[in-house]
Amino acid sequence: MEQARIGVFVCHCGVNIGAYVDVPQVVEYVKGLPNVVHAERNLFTCSEEGISAIKKAIPEYSLNRVIVASCTPRTHERLFRAACEEAGLNKYLFEFVNIRDQCSWVHMREPGKATEKAKELIKMGVAKARLLQPLEEIEIPVIPSCLVMGGGVVGISAALNLAEQGFEVHLVEKEGELGGTLLDIYKLFPTNEQASKLIGALIQKVKDHSKIKTHLSTKVKDASGFIGNFDATLDEDGKESKLKVGTIIVATGAEELKPLGQYGYGKFPNVITQLELEQRMKKEGFDGQNVVMINCVGARVPERTYCSRFCCMTAVKNATLIKESNPTSKVWLLHRDLMAYGVEFENYYRKSMEQGVRFIRYELEKLPRVIGNGKAEKVKVWHQLRGREVELSVDIVVLTTPLIPRADNEEISKMLKVPLSEQGFFLEAHLKLMPVEFATDGIYLCGSARWPTDIAEGVSQAYAAAAKAAIPMRRGYVKPEAITALVDEDKCSGCGTCEPVCPFKAIELQARDGKKVSHISEAVCKGCGTCGAACPAGAIIMNHFRDVEILAQIEALFSKSN
Amino acid sequence: MNGQNGHKSVLVIGGGIAGIQASLDLANMGFKVYLVEKSPSIGGRMAQLDKTFPTNDCAMCILAPRMIEANSHSNIDLYTYSEVEDVSGEVSDFKVKIKRNSPFVDWSKCTGCGLCEEGCPVILPKEFDQGLGKRKAIFIPFPQAVPKKYTVDKREERPCKAACMDACPAHTNVLGYIKLIAEGEFQEAYKLIRDTNPLPASVGRVCYAPCEEACNRGQIDEPMAIRDLKRFAADQVNIEELEVPTVTKTDKKVAIVGSGPAGLAAANDLALKGHDVTIFEALPESGGMLRVGIPEYRLPKEILRKEIGYIQKLGVEIRTGVQVGKDIALEEIRGNYDALFIAAGAHGGMRLRMEGEELPGVIEGIRFLRAVNLGEKVEVGKKTAVIGGGNTAVDCARTAKRLGAEEVKIVYRRSRSEMPASAEETAAVEEEGIPIEFLTTPTRFFPGNGKLARMECVKMKLGEPDASGRPRPIPIEGSEFTTSVDTVIAALGQAPETEFVKEFGVSLSKRGMIEIDPETGATNIEGVFAGGDVVTGPAFVIDAIAAGKRAAHSIDRHLKGEPIEVKEEGKEPEKLSEEEVEDRKKRFPSQKRVRLRDEPIGERIKDFREVSLGYTVEEAIEEASRCLAGQIEGCIECHECAKRCEANAIAYTMQDEHIEIDVGAIILATGLDLYDVSPLTEYGYGKIKNVVTAIEFERLTAASGPTFGELKRPSDGKIPHAIAFIQCVGSRDFKHKAYCSSVCCMHATKEAILAYEHHPGTKSTIFYMDLRAVGKRFQEYVTRAKEEYNVTYIRSRPGRVAVNPENQNPIVWYEDTTTTETKNMEVDLVVLCQAMTPRGSKELAEMLGIELNEYGFVEVPDKLSHPVDSTRPGIFACGYVHSPRDIPDSVTQGSGAAARAAEVIAGGS
């Protein structure tokens, strides 16, 4: 192997690193490490200036390994690798050392130690970089077809967008008809349009679209494969069929919490939820005289801490609709913070007050009480402004409850190998900048399966997920990371220990020359290393994290010399 | 909406996170994207944020990779500092005109190195820091800007011709340093002067100021007091504490003969180039004529000593008391050095050539001044006459007065208007009670008691002009008269003493001056250069400095083995035309030059104290503010950046560029503006120093902000330990914006957390109406703020903010809604969470033919099933211009708009 010529770029990250780690000192130290032929510091290595410094140094110092000591590979590895690639260096000859999260951030109050740690981490990086090998990525074709799970307004919108873009779509709905929750809803805020009209039009579009194949009363029973080549097994009322798609969108929605035991729900017939109210309004209209709505039932409480985002507006809308249809009715809305964010909602909220909906704020410490005998008769609530408890007579109590994750989320999560958040909703790759992507390539999410969302936001997310799905499908291929596990078939005893531990189902045992050996699909393997750790024979090699590389790092850490 | 035959490209307007996301998604799908951003960098509002809620991710850290990806993506044409001018056509076939504003920098050459910025004298509020920080007229908006290219903020034409700079032999950046003085940046002004003039404090006292004569303001009322301002700038700096730059040493050695202004200037420049410089000075003190020719009361020795001291600190060795040709042979120097610069000056006096000249009591002017300046004992008689009409004569007369001569007069053979001494000096000498006898010249001196006793003079009349162009003085026969006199000082002029170079073979002129190539300073002998009075005969300090610098430039090239090229010099100073003068008179009111104050006459003649007192700070700023160039906003075209730019990228004449593109769809993503909260006078913004807006607070905590991430309050830089955040300032308010701005509850919570992280223990109080923490993990974030970060939420809309005059602490008055009591809370800092408005939507909506709602957000006709569509097919909107929303929602909409645009342009594929 050619002599390693390593270039090290140490980043100040403004004050993020520079204020705690003595970067010039680190650079001086690094210059003395073996095989380091160039070391420099940059104010921001990720800036154009820093990137061009890397691209300039590679030919100038004939670098064949590059190390950036800065923040985290999660956000920046791609960028630095691309810089190496543009300068003609195989991108797997790049090594990342994180001296921000692991030095400056965690040792802010002991800058001397942070500096020493940075030196040691870079020393380890150098030891590893010496042994790095170039890797080649394989090109995987992408089937231009998408499986959309969930036939509600969000799933339909994603399907229609992709179909309009020219892709084939399989729209899978477990119920017997398309439409999802919207089928139960009367009118929609903030436009007050009929939900049935909106969803009806969309369903008709789906039906008319030649590119969309709808699978009703169908569940996705199994899915395997990887971006570009997913194999899905559909179960339509017990009848199984197979499907090959390039991408998957999860749009399975969520369901309303039924607050059994709270405020007389389940005990008094006239205590219902907002969705039940919607159903009633839709079917037979509504003509209650004294209505009390209670918001945040089961939401923003210790046992369920989150806010379900749109329920305030559901309550405001339903309260307004009741007042509209029966102006003499008395409608009280008992609420905590009223989540009428933005332009339209705030407007709607204000109009509801003008219409005569009465708003009473309650605190978690002084919850309203529903009192009745056989049915709810009164609601007592502490009135802050009056400084006393008030008593409201009621014909009906409507409880505003949050959306909760669907029961089958867990099942889908396991099947697709995508994570759920602590609340049980699906968890995106990055809360801020990757809201509709999973960490797993080729699978996307949108709508209330991700987080409670209103129609407009859900549809926007549907489009966003469709955009993400369209990217590999339009390109026609993907090149996954080359950091994968590799089986040394000579050493493999075929024991099969690796197969069940693989979280991505990338491993299967195959027959080879009369014995069984483990085989790892490069396309599916995510390079997590679990199999490598489990293999009793040491037959699994982790590319880019080979034993020799890791051992060299450890040795570097504990050796006294450079 | 089928785009089978339409253009497979999309225009995205706005380079914030929403626009970037839309662009990247479309580009990654394989479509061509034109991303147009008004400011010089993409990144938008998100780039201004320190951290983002609810993950506390560093905003720039997660944004920067996307900015760079957008800039380097092969499918994205990025047009920053550009605006959409016109849109025609329809969906699938829009024609778009884009104006690319001239950045006056050739971006294909600019490397973003920042050298230009350091030199720029024009300081402007930094938009990126909401004006809390400062930037230069040539700037990048923030360190991580993409593309990292400089832009010159040039807004108007400079109202003058910068004639001062052309008139100055050293081409000092006069516009620049005057601007810096006007801005109160005195240190910077000094540094800028010192770039072209190594002796600002000395020159600021003694220069004949050709710049002032040329100054275009002089055509309007009075010229700028350029020299006095230079002195002012120099006086604000403690030269002895100035940092010495580190330079890479070369192995070349240069010898300089003479430590006057020419020698010092050359030494300074050569030392800064890394060469080893030794100066040989014949006199016991260094400084040449500045030291021995100019009296203390005009240039205090201490000031000169400090300026020379700094040059010595650069590594220049000065060997005083070494006379070349006597103590050391020129040949020897030549052998030991790689180059030689002769700047020996003109220290020889001129003889009167008349009877009695040898009498004790008759002395050469230049020798007289030298003796006084070197502290030798010099006696003058009661009656002293100074012969001559130049500055030396004036200096001699004023010096003699200070040495105790009771009667001093100047005898000059021509009339006042021919006097070579400056009018200023002439006036000063007369003020001090020294008469000038014009049209008079001595003819003989008579002894008495073995020394000078009387002087015979003759009256003169003026005849035809002589070789110098002045009328020749002709003696009037019979007008002789005699006066008694004890001392005569003959200040007739000086000449170089060049004997020592003769044998060396340096060619001399007939008048005994060294002959050089005037443009390079080279003599006839390779490696030997000369400049200053030794070449020109007695001239001015600034001319000598210019000569020294010119020679240094040539010597440096010679030492590097490069051909000696002529350094580009300025043009002739230009005058304003008559029309221009009229125009300027209308635009800029007449303003008198601020005069320097002098020490009182009666006092100052008693000793050698400095006569001129110099400007006070106020006077200097007032005078500097008169400069015509400084009357405009933005770049004043001093060309300092061009001088510094090694890539030659500055292009003052660059024009705006207009381009036309065809696109199938358009995405509007112009983001948000911040609502001006100063009309909400009850909160004191703009009046109470420690009331800031949330975005200002964000910049105060950000590492790239004006305080480099140190959270300090504006009034006194104190760390704020108690902070109040007021929500809905301008939002949910009928008098201002009736809507909810959607993100403020959360960013206030985040900022309160950041304040605690900066200074643990900080107590924050958030005054809110409804705490709209509706996003994923927002409630949990608020809970953490309460439990771990000492944040208290009070439901109340404060009525007003007052101030405690003693400590500038703001006092928040509010009603406690649980008790309906009025309360107040004194805090260190108040943060106003101001409303946000759609940015640039009005102008664009008209151009795009789309409708807006009453607040200027994009009108979406089908809000629920087509939430990112505008009223016009093929035009989509995302981010804050669409409706108030946070980053994840903007990113989502960006992708969503991309998907909708893809439908339009991909149809059928």
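Lettering of chains follows the sequences in order, A, B, ..., and the numbering in each one begins at 1.
For the pair B:E854/A:N347, a side-chain contact is recorded, criterion being any heavy-atom separation below 4.5 Å from C-beta on. Counting heavy atoms from C-beta on, the side chains of B:S895 and A:K468 come closer than 4.5 Å. With a 4.5 Å cut-off on side-chain heavy atoms, A:R474 and B:F31 count as touching. For the pair A:R78/B:E69, a side-chain contact is recorded, criterion being any heavy-atom separation below 4.5 Å from C-beta on. B:R772 has its side chain out of reach of A:C307: every pair of non-hydrogen atoms, C-beta onward, lies at least 4.5 Å apart.
Between chain B and the options A:E193, A:M108, A:R350, heavy-atom pairs under 4.5 Å are most frequent for A:R350. Considering only heavy-atom pairs separated by less than 4.5 Å from chain B, the leading option among A:R450, A:E428, A:R361, A:M434 is A:R361. For the set A:T305, A:V459, A:T191, A:L338, the count of heavy-atom pairs under 4.5 angstrom toward chain B peaks at A:L338. Of the listed residues (A:P144, A:A465, A:A470, A:A340), the one with the most heavy-atom contacts under 4.5 Å to chain B is A:A340. Per-residue heavy-atom pair counts under 4.5 Å with chain B were compared for A:R309, A:R475, A:H335, and the maximum is reached by A:R309. Counting heavy-atom pairs closer than 4.5 Å to chain B, the top residue among A:N161, A:V153, A:I455, A:V343 is A:N161.
Both the backbone and the side chain of B:D25 come within contact range of chain A, with heavy atoms under 4.5 Å apart. For B:S704, no part sits under 4.5 Å from any heavy atom of chain A, backbone or side chain. Of the two parts of A:K205, only the side chain, counted from C-beta on, holds a non-hydrogen atom closer than 4.5 Å to a non-hydrogen atom of chain B. Neither the backbone nor the side chain of B:L26 comes within contact range of chain A; no heavy atom of the residue lies under 4.5 Å from a heavy atom of that chain. Residue A:L198 touches chain B through its side chain alone, counting heavy-atom pairs closer than 4.5 Å. Of the two parts of A:Y349, only the side chain, counted from C-beta on, holds a non-hydrogen atom closer than 4.5 Å to a non-hydrogen atom of chain B. Contacts of B:R777 with chain A are made by both backbone and side-chain atoms, with heavy-atom separations under 4.5 Å. Heavy atoms of A:F80 lying under 4.5 Å from chain B are absent altogether. If you measure heavy-atom distances from B:A738 to chain A, the contacts under 4.5 Å come from both the backbone and the side chain. In this structure, the portion of A:L79 lying under 4.5 Å from any heavy atom of chain B is its side chain and not its backbone. For B:C58, the part lying near chain A is the side chain, with the backbone staying farther off; criterion is any non-hydrogen pair under 4.5 Å. Looking at A:C46, both its backbone and its side chain come within 4.5 Å of chain B, counting heavy atoms on both sides. Residue contact with chain A, scored on non-hydrogen atoms closer than 4.5 Å, is absent for B:F142. Using a 4.5 Å cut-off between heavy atoms, B:N853 contacts chain A through its side chain alone, with no backbone atom that close. The part of A:F44 that comes within reach of chain B is its side chain, from C-beta onward, which places non-hydrogen atoms under 4.5 angstrom from that chain.
Looking at A:D337, its side chain does come within 3.5 Å of a backbone N or O of B:L771 through a donor-acceptor pair. B:K776 places no side-chain N or O within donor-acceptor distance of the main-chain N or O of A:L427, the cut-off being under 3.5 Å.
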- Task: Test B:V868 against A:S460 for side chain to side chain contact (heavy atoms under 4.5 Å, CB included), laying out the working first.
- Result: CA-CA 7 Å; B:V868 296; A:S460 295; 4.1 Å; yes
- Query: Given B:K737 and A:E346, is the side chain to side chain contact (heavy atoms under 4.5 Å, CB included) satisfied, shown in steps?
  - Reply: CA-CA 11 Å; B:K737 299 292 173 191; A:E346 185 72 24; over 6 Å; no
- Task: Tell me, with the steps shown, if A:L433 and B:M46 meet side chain to side chain contact (heavy atoms under 4.5 Å, CB included).
- Result: CA-CA 11 Å; A:L433 294 187; B:M46 186 176 170; 4.1 Å; yes
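Figure legend: A:K432 and B:F53 shown as a cation-pi pair, the cationic atom lying under 6.0 angstrom from the six-membered ring centre and within 45 degrees of its axis.
In summary, A:E363 and B:R795 do not engage in a salt bridge, as defined by a charged side-chain N under 4.0 Å from a carboxylate O.
There is no side-chain donor-acceptor pair under 3.5 Å between A:E49 and B:Q144.
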